[in-house]
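Only one structure is covered here, and it is reproduced in the block below.
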2 protein chains.
Amino acid sequence: MAASLKQLAAASGYSINTVSRALRDKSDVNPKTKEKIRTLASELGYVNNNVAKSLRTGKTNTIGVISADSSNPFFAEVILGIENTARQFGYHILLTNTEESPEREREAIKILLGKQVDGLLLMPVLQQYGSCDYLKSLSIPYIIVGRWLPGLEDHSVISDEYEKAKEATLYFIKNGHRDIVHLAGPSCVSSSVDRMAAFRDAHIETNTPLKEDMIIETKGHLEDGYHEVSSLIRSEKHISAIFAFNDLLALGALRALKENGIKVPKEVEVIGFDDLNFSKYLYLSLSSVSIPKKTMGNMAFRALLDHIENPKAPYTKKVLESRIVYRETTLVHEP
Amino acid sequence: MAASLKQLAAASGYSINTVSRALRDKSDVNPKTKEKIRTLASELGYVNNNVAKSLRTGKTNTIGVISADSSNPFFAEVILGIENTARQFGYHILLTNTEESPEREREAIKILLGKQVDGLLLMPVLQQYGSCDYLKSLSIPYIIVGRWLPGLEDHSVISDEYEKAKEATLYFIKNGHRDIVHLAGPSCVSSSVDRMAAFRDAHIETNTPLKEDMIIETKGHLEDGYHEVSSLIRSEKHISAIFAFNDLLALGALRALKENGIKVPKEVEVIGFDDLNFSKYLYLSLSSVSIPKKTMGNMAFRALLDHIENPKAPYTKKVLESRIVYRETTLVHEP
DNA sequence: TGCCATAATATTAACGTTAATGTAAACCCA
DNA sequence: TGGGTTTACATTAACGTTAATATTATGGCA
């Protein structure tokens, strides 16, 4: 067992409190005493027990991060941004994944509350009922990252994805595409809802007919993009453009197109979403909506920290600007 | 502030201890009492304070995970495996990144010790001095994931990468390649050391001359692969095959080759390492050494748990089998 | 009936820390 | 020289939990 304040006190002859104050560099301890105690502490390998400290102070300097899937490069990048910023401010993160399951989300919240985290950063799924009320009753601050929940919009740090999704769709429509496939994400994810709505609205606003079977809901995984587009091609449905909910789907789609000898961007143009690190290094560098992922993580943590330090502060929605990068999977590079 | 045992005790008329024992379903509490206390607890929204519990029991049910870069898909996948398994066993993870910096590694260990984690899972960098001694003096169990440290080999959960790196290199040599570039990882990372050694040894054992400037040390990032191969091509050095330390480097390399009109695999064959999720969906599906990443995370946690539950148990090195998947960036698919 | 076992609960102490309060000596100046 | 201030420490209590121990009532049995 590592040394405790009690042992340092015994060894130094000072009281526990003096040792504690010395190590925390408080004012009314003699500099010489501080010095003596500090050397002793490092000799004995003293490590402050944060569990005890947290119990006493009511602060853990730990936040909970509830992600859907931390191995998804989008989340991974956001989480990296969170972790980096958190560490700079002396916070650490307890990471847990839900795989978009509402049950696991609640479970995670409960456990993290039990662990007395100072705040929560979460990427929640939309739910019929329950979730919001549950969150609203939380006594600790929380920020929703890259998503929104109805009635809790002010808790979000998010990108302007509706606008950019519409812009991407309009790009296709303006370029004459009439058979645009939307590889959508899960309907329980707000970003998927937004991007799909934008896709629809772009059609409506331009009076472009939209066949419902061109919207394909997926889980947003690599394989989904590949399989959905493969079977689309097999069914001999005409496709002239693909707007993917994320770059993973787009990548899967590109592979399916290639395997079927369909030329990108000549025969089919593709735009993805998220602009993952690898997207611009692909054989055909992928046109995508670029979301500042690390910045999003950074801002989310800072927003959370604000509320941790100032619990009465009102929440305000923060919107990050994203931009479409037109690369080799689209014909026009500067539309 | 959420309800505490004290408040439950006051509200129920029972003592704190009885409430505590009731909620933990201990034997000598009357079933009816348990029932009453439990309903009361859920009415008042009682959440067990794990900080207090940990202080009392000396267990946090939390482990520290020290990764180099959790946004690197390899680590992200391993970490997902860790987190999933940990959660199943009632553990949670405190995640922190070092970006391969020894200082940040020590810093992280110190902080996590302060947070009283029950064990440590780490991907450490090789160091001239210090690191090992520091780890050896740790009083909590620790497992090294996907890497090794001299003198601490028994703490590792690792793959048979030396063998597979040699096999990959031998594949190139046997196919007549004499100008094989090795895009190496950082020299402070054991896996990079192993893969590079295997690359050398394959040359030595087959009496194949190896030019030193064909081994290029990088940080293992996507951009590195792209830039190094680009400048290699610019320098008009002849390349006939590329063995990359990881798939990110390979992806960057592939892009550089494509931009320069070099045909893969006809003119240059490429083998990567890690077999990331997206590798087989690339335009040219990438030949790679497939490491069971989630399994590695899973096994690492279980090994750690073994030592948490049984601190005297001796450590034993665990080696996972990897295998080379020959895809479209190599000429022969079943060598 | 008296004794012992058992069931059900209460009391006490402790985990390691910090904050609030207490105390004693030294110092200062009128 | 004696009152108050300052400096440097010590003491006490508390955070919320759990484990060990103590207590009380109840039931069974000889």
Side-chain angles (χ1 to χ4, degrees), chain A residues 1-38 40-41 44-62 90 110-111 113-118 139-140, chain B residues 1-38 40-41 44-62 90 111-118 139-140:
Chain A
M1 188 70 72
S4 66
L5 285 183
K6 194 194 265 184
Q7 283 150 56
L8 284 190
S12 68
Y14 292 99
S15 75
I16 293 179
N17 181 266
T18 299
V19 174
S20 174
R21 296 178 61 78
L23 293 175
R24 281 178 296 141
D25 205 18
K26 290 282 176 179
S27 58
D28 50 1
V29 178
N30 188 313
K32 282 181 188 170
T33 309
K34 281 184 188 175
E35 195 45 37
K36 267 189 277 179
I37 291 178
R38 279 203 207 115
L40 189 67
L44 297 187
Y46 171 78
V47 189
N48 187 303
N49 183 329
N50 274 270
V51 169
K53 175 174 183 168
S54 292
L55 178 59
R56 178 63 236 244
T57 60
K59 274 218 64 182
T60 54
N61 275 63
T62 302
K110 206 170 137 192
I111 289 176
L113 286 180
K115 288 190 181 272
Q116 310 295 116
V117 293
D118 295 333
S139 54
I140 57 169
Chain B
M1 188 69 72
S4 66
L5 285 183
K6 193 193 265 184
Q7 281 150 58
L8 284 190
S12 67
Y14 292 99
S15 75
I16 292 179
N17 182 267
T18 298
V19 174
S20 173
R21 295 178 62 77
L23 293 174
R24 282 178 296 143
D25 206 20
K26 289 285 176 177
S27 58
D28 50 2
V29 178
N30 189 313
K32 283 180 187 169
T33 310
K34 281 185 188 174
E35 195 45 38
K36 269 190 276 180
I37 291 178
R38 280 207 204 111
L40 189 69
L44 298 187
Y46 170 77
V47 189
N48 187 302
N49 183 326
N50 275 268
V51 168
K53 176 174 182 169
S54 292
L55 178 60
R56 178 61 236 238
T57 62
K59 274 218 66 184
T60 53
N61 275 61
T62 303
I111 290 176
L112 291 171
L113 286 180
K115 289 191 180 270
Q116 310 295 116
V117 293
D118 295 333
S139 54
I140 57 169

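Proteins come first, then strands; the chains are lettered A, B, ... in the order of their sequence lines, and each starts at number 1.
With sequence neighbours left out, B:T57 forms a side chain to side chain donor-acceptor pair (under 3.5 Å) with no residue at all. Evaluation of the side chain to side chain donor-acceptor pair (under 3.5 Å) rule for A:T18 yields A:S15 as partners, not counting sequence neighbours. By the side chain to side chain donor-acceptor pair (under 3.5 Å) test, B:T60 is found to be paired with B:D118, residues two or more places apart in sequence or in another chain being considered. For A:S12, there are no side chain to side chain donor-acceptor pair (under 3.5 Å) partners at least two apart in sequence or on another chain. Scanning for salt bridge (charged side-chain N to carboxylate O under 4.0 Å, His left out) contacts around B:R56 gives an empty result, with sequence neighbours left out. Partners of A:D28 under the salt bridge (charged side-chain N to carboxylate O under 4.0 Å, His left out) rule, at least two apart in sequence or in another chain, are A:R21. The salt bridge (charged side-chain N to carboxylate O under 4.0 Å, His left out) search around B:K36 returns none, not counting sequence neighbours. Qualifying side-chain contact (heavy atoms from CB on, under 4.5 Å) partners for B:A11, counting only residues two or more places apart in sequence or in other chains: B:L40, B:L44. Applying the salt bridge (charged side-chain N to carboxylate O under 4.0 Å, His left out) criterion to A:K53, with sequence neighbours excluded, gives no partner residue.
Look at A:Y14 and you won't find any side-chain N or O under 4.0 angstrom from OP1 or OP2 of D:dT11. Of the side-chain N and O atoms in A:S4, none sit less than 4.0 angstrom from OP1 or OP2 of C:dG16. Residue A:S20 places at least one side-chain N or O under 4.0 Å from the OP1 or OP2 atom of C:dT18. Taking only side-chain nitrogens and oxygens, B:T18 never comes nearer than 4.0 Å to OP1 or OP2 of C:dT9.
Within residues 21-28 of chain A, the residues approaching DNA chain D are A:D28, by heavy-atom distance under 4.0 Å. Near DNA chain D, defined here as any heavy-atom distance below 4.0 Å, the residues from residues 48-60 of chain B are B:N48, B:N49, B:A52, B:K53, B:R56, B:T57, listed numerically.
Backbone-only contact: A:G13 has heavy atoms under 4.0 Å from sugar-phosphate atoms and none from a base. Within 4.0 Å of A:N30, counting heavy atoms only, lie sugar-phosphate atoms of the nucleic acid but no base atom.
B:V19 pairs in a side-chain contact (heavy atoms from CB on, under 4.5 Å) with only one of the listed residues (B:L5, B:V29, B:T33), which is B:L5.
Distance from the side chain of B:I16 is smallest to D:dT18 among D:dT18, D:dC15, C:dT17. Nearest nucleotide to the B:K6 side chain, out of C:dA10, D:dC9, D:dC15: D:dC15.
We find that CD of B:Q116 is positioned 11 Å from C1' of C:dT17, with the value rounded to whole Å. Rounding to whole angstrom units, CG of residue A:L5 and C1' of D:dT11 are separated by 15 Å. As a whole-Å value, the separation of B:K115 NZ from C:dC15 C1' is 18 Å. Atoms CG (A:N17) and C1' (D:dA14) sit 13 Å apart, rounded to a whole Å.
Side-chain polar atoms of A:K115 and B:T62 form a donor-acceptor pair below 3.5 angstrom.
Within the helix from C:dT1-D:dA30 to C:dA30-D:dT1, the inter-axis angle between the opening and closing five-pair segments is 60°, rounded to 10°.
Remark: A:I16 CD1 to A:Q7 CD distance equals 10.0 Å, nearest 0.5 Å.
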